[in-house]
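First the structure, in the form of structure tokens, and then the observations on it.
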Amino acid sequence: MSPSRAERSLIIMKPDALQRGLVGEIFRRFERKGLKIVGLKMIELEDIMLEDHYAHHKDQPFFDSLKKFMKSAPVILAVISGINAIGAIRLIVGPTKGYEADAGSIRGDFSMSGQANIVHASDSVEAAEREIARFFKPDELFDYQKPEFPWVYSNGDK
Ligand code: CMP
């Protein structure tokens, strides 16, 4: 069994999430799971940010189309934390292609596309910390207690 630990994930609610009015629904799913929002902002992505964020996709045939899509409307950036949050969030979001994602996941419920797949979520602790630093300054991230936490986690989780 993998060790338990507090983790942070960078979430990007993509232009299709805003255009389709899904922002509240997406936050609802993370909040009701017991995850904590520790950073939040709305921005318009620029080429330089996208070329950095999607550097591992730069040779893919869909790269230019992906950049155009990600600049087509503002995005919401959120940093979400919790014990074992990276894996838990990936399950809530679902796999890349919406048409292959299980019903009940965000992509399974709301996406039919490989590109317009509503949400980005970090895929590892290392990637998350890199991605968070790309978009958030340290003083834009918040540390606070949630009174529900003793009911979300048990001692064995910490
Ligand atoms: P994301 O999980 O944010 O990571 C990379 C993004 O590239 C992915 O979501 C999709 O938006 C996009 N993407 C991945 N595969 C394809 C594809 N085959 N065609 C178009 N876009 C893709």
Side-chain angles (χ1 to χ4, degrees), residues 2-138 140-142:
S2 60
S4 305
R5 55 204 166 144
E7 295 172 347
R8 303 188 298 181
S9 178
L10 178 81
I11 303 299
I12 305 177
M13 296 188 201
K14 300 186 181 187
D16 51 333
L18 268 80
Q19 295 293 353
R20 294 177 55 193
L22 293 173
V23 171
E25 170 69 27
I26 295 164
F27 275 126
R28 186 182 75 91
R29 290 176 180 224
F30 293 135
E31 286 192 299
R32 74 180 182 183
K33 179 74 167 170
L35 292 158
K36 181 162 71 168
I37 301 164
V38 297
L40 192 57
K41 62 170 74 169
M42 185 178 202
I43 66 167
E44 285 179 338
L45 289 168
E46 292 166 9
D47 279 333
I48 192 159
M49 298 171 186
L50 288 164
E51 278 155 19
D52 199 16
H53 181 72
Y54 286 131
H56 51 298
H57 290 309
K58 74 173 179 358
D59 297 326
Q60 295 288 341
F62 59 79
F63 188 59
D64 284 344
S65 159
L66 176 61
K67 282 199 298 182
K68 194 168 169 210
F69 164 63
M70 293 297 287
K71 291 189 298 180
S72 62
V75 297
I76 304 279
L77 301 174
V79 180
I80 296 195
S81 88
I83 294 171
N84 295 314
I86 300 274
I89 289 170
R90 300 279 291 179
L91 288 173
I92 293 169
V93 168
T96 302
K97 294 173 181 157
Y99 52 87
E100 291 180 352
D102 282 336
S105 65
I106 291 170
R107 288 169 173 165
D109 287 350
F110 301 116
S111 169
M112 281 297 288
S113 170
Q115 177 169 270
N117 58 5
I118 315 285
V119 170
H120 164 84
S122 306
D123 64 6
S124 68
V125 172
E126 297 71 27
E129 292 306 316
R130 261 198 323 275
E131 292 174 355
I132 291 166
R134 182 172 299 129
F135 294 111
F136 286 84
K137 299 188 196 115
E140 294 173 327
L141 298 169
F142 298 87

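In each ligand, atom 1 is the first atom listed, and ligand 1 is the first ligand listed. In this text the structure is predicted, and so the values were computed from the model without any measurement.
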Open item on the list: By the salt bridge (charged side-chain N to carboxylate O under 4.0 Å, His left out) test, which pairs, at least two apart or in different chains, include something from residues 15-33?
Closed with: E25-R28, E25-R29, R29-D109
Task: Test item: K41 side-chain N/O and F135 main-chain N/O as donor-acceptor pair under 3.5 Å - done: yes
Task: Under 4.0 Å from ligand 1 - residues by heavy atom, chain and number - done: K14, Y54, H57, F62, L66, T96, R107, G114, Q115, N117, H120
Open item on the list: With a 4.0 Å cut-off on N to O distance, would you call E129 and R8 a salt bridge?
Closed with: yes
Task: Set of side-chain hydrogen bond (donor to acceptor under 3.5 Å, both in side chains) partners for S122, sequence neighbours left out - done: E131
TODO: Determine yes or no for a side-chain-to-main-chain donor-acceptor pair under 3.5 angstrom, with R107 supplying the side chain and V119 the backbone.
DONE: yes
Open item on the list: Under the salt bridge (charged side-chain N to carboxylate O under 4.0 Å, His left out) definition, can you give me all pairs with a residue in residues 83-95, not counting sequence neighbours?
Closed with: none
